[in-house]
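Note sheet for the following structure.
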Amino acid sequence: MTQLTPDTQEMLDSLRAAVSETLERKQRLGHYAVIWQGDKPVLVGDDAPDQVDRQSPGAPALD
C-alpha cells in the first residue's frame with residue numbers, strides 16, 4: 001500500500017474511530033447495522049431482519 005500523507009492518515013484514523021464508535025453504540029442499543037462484506041451489504045445484529053423487505057426503486061437486489 002502507498003504511504004499516506006500525515007493529514008490523510010489523520011483523516012482516515014478519525015473516520016475509522018467514528019465508525020467504530022457508531023457500531024459499538026448500535027450494538028449496545030440493540031440495533032442492527034448494515035455493513036459491506038465481499039460484494040454485497042449484510043445486515044448484522046440480533047434484531048437484523050432476515051431479508052430486506054423494502055428497496056429503493058432501481059436498487060439492485062441484496063440476494
Legend entry - Residues which pass salt bridge (charged side-chain N to carboxylate O under 4.0 Å, His left out) with Glu21, listed by chain and number, not counting sequence neighbours: none
Inset, instruction - Indicate yes or no: at least one non-hydrogen side-chain atom of Leu23 is less than 4.5 angstrom from one of Val19. - result: yes
Inset, instruction - First locate atom NE2 of His31, then atom CG of Asp46, and finally report the distance between them rounded to the nearest 0.5 Å. - result: 12.0 Å
Inset, instruction - For the residue pair Leu12 and Arg16, establish whether any side-chain heavy-atom pair is separated by less than 4.5 Å. - result: yes
Legend entry - Closest non-hydrogen atom pair, Tyr32 against Asp47: N-OD1, 2.8 Å
Legend entry - Straight-line distance of Thr5 OG1 to Met11 CE, nearest 0.5 Å: 6.0 Å
